[in-house]
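As structure tokens, the structure follows; a few thoughts come after it.
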Amino acid sequence: MSTKKLGFGTMRLPLTDKENPASIDIEQFKKMADLFMERGFTYFDTAYPYHQEHSEEAVKEAVVKRFPRDSFILADKMPILRVTKSEDYQVFFDDQLKRCGVEYFDYYLLHNLGRDRYINTEKFGGFGFIEKLKKAGYVRKIGFSFHDDAETLDRILTDHPEVDFVQLQINYLDWNSIAIQSGPCYEIAKKHGKKVMVMEPIKGGALVKLPEAALKKFDDFYKPMNDPMLTPASLAIRYAASLENVQIVLSGMSDLEQLNNNTCYMQNFKPLSEEEYKLVDEITEILNSTGTIQCTSCRYCTEVCPKNINIPEYFGLFNMHVVTGNKSNMYYERFSMNHGKASDCIKCGLCEKNCPQHINIRDRLVDFAALYEQQ
Ligand code: SF4
Ligand code: SF4
């Protein structure tokens, strides 16, 4: 089977109703899956909570029912956040096989491990459970996705040499970030001899919508090459794919254009040149100086917020103001229509415990409220 490095992340699928993450546009997804497969790519990645628990069923409709099982690779993830006792693992796993309409997964992960979640996962025997699945043939390779520091990753991989791979957040902006530690985490995975699957290579879109100064650098570099496929997204995805130990770079593609673009330059993948690495350094410097909130819109925070605050949308508005100087009260009204306002935050901190980007959400909501609610 193909060893191409681009994987199809199914957490940002096209929607029929932009306000409703559950309204996946299956017909559009089918067209995207067709083109993806046609161009020789085979890796699909889903998870229990994506699209308000509708991603796995969408994969069944657009991929599983339409292609021979051995022609594509399917990765799914155990929602460890929802596991409160050992017996839950089997219940979730059976449900996932049914939702996806498959008899086995090629890659199976414990979803979103970090220091605290590792303690619970150990308590309920999560690693033992996935190892048992592998021995019984229900999954081919086992691993975990991870959002924490390199020291914790080292500890987990030392305790569990049986895992085959890890899924890490890797992108050029986070490579040296103290909070995310993409670089040190990658080195730890390499030290333990584990293949790496990459998530968030464009940091939830932050490396696509570059601020003006960074975009100018980008254009000055690529314009003479006159290749429309060389976009800011391509630079970010190729950056992650250029790492030797990286097996797959996941991209959460939302329309045919993105898919067409990504598959074009990843079909005959070329690692970054030395000049491109220099360009990445210059863009990173600009991005780090802007003061934007580095939210990836994963929505793990909103799942637990008792005031139903639309955190990622508000942070998006905040960033728009930082980058462009523009404020949109109309958008704030729309985003807050069926949600709590930023000033409704009761500072319980539940969101921050769930945030893989380690954002000080409570403080940043105060900043946001000062900007948007105090006229
Ligand atoms: S601290 Fe505020 S934003 Fe975070 S979960 Fe609590 S109420 Fe929601
Ligand atoms: S604030 Fe954190 S948890 Fe919430 S959407 Fe952004 S990155 Fe995800």
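Note that the coordinates shown come from a computational prediction; the quantities given were computed from them, not determined experimentally. Read the numbers this way: they start at 1 and go in the same order the structure lists the ligands and their atoms.
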Strictly under 6.0 Å, is that where the ring centroids of [X] and [Y] end up?
X: Tyr138; Y: Tyr108; result: no
X: Tyr107; Y: Phe165; result: yes
X: Phe44; Y: Phe36; result: yes

- Could you grab the protein N, O or S atoms closer than 2.8 Å to atom 8 (Fe) of ligand 2 for me? Cys298 SG
- Task: Please determine if Arg66 forms a cation-pi arrangement with Phe72, meaning its NZ or CZ atom is less than 6.0 Å from the six-membered ring centre and no more than 45° off the ring axis.
- Result: no
- Within 45° of the ring axis of Tyr332 and under 6.0 Å from its six-membered ring centre, is that where the NZ or CZ of Lys341 lies? yes
- Task: State whether the number of non-hydrogen atoms from other residues, nucleotides or ligands found under 6.0 Å of Tyr331 atom OH is greater than 12.
- Result: no
- Task: Please say whether more than 12 non-hydrogen atoms of neighbouring residues, nucleotides or ligands are located less than 6.0 Å from CD in Glu151.
- Result: no
- Item | Protein N, O or S within less than 2.8 Å of atom 6 (Fe) of ligand 1, waters excluded | Cys348 SG
- Query: For Phe368, which of Phe315, Tyr314, Phe335 qualifies under ring pair (Phe, Tyr, Trp, His ring centres under 6.0 Å)?
  - Reply: Tyr314
- Query: Considering only heavy atoms of Leu365, which atoms of ligand 1 have at least one such atom less than 4.0 Å away?
  - Reply: 3 (S)
- Note on the structure: Between Val196 and the options Leu243, Ile170, Val249, the side chain to side chain contact (heavy atoms under 4.5 Å, CB included) test singles out Ile170
- Main-chain N/O of Asp363 paired with Asn360 side-chain donor or acceptor, under 3.5 Å: no
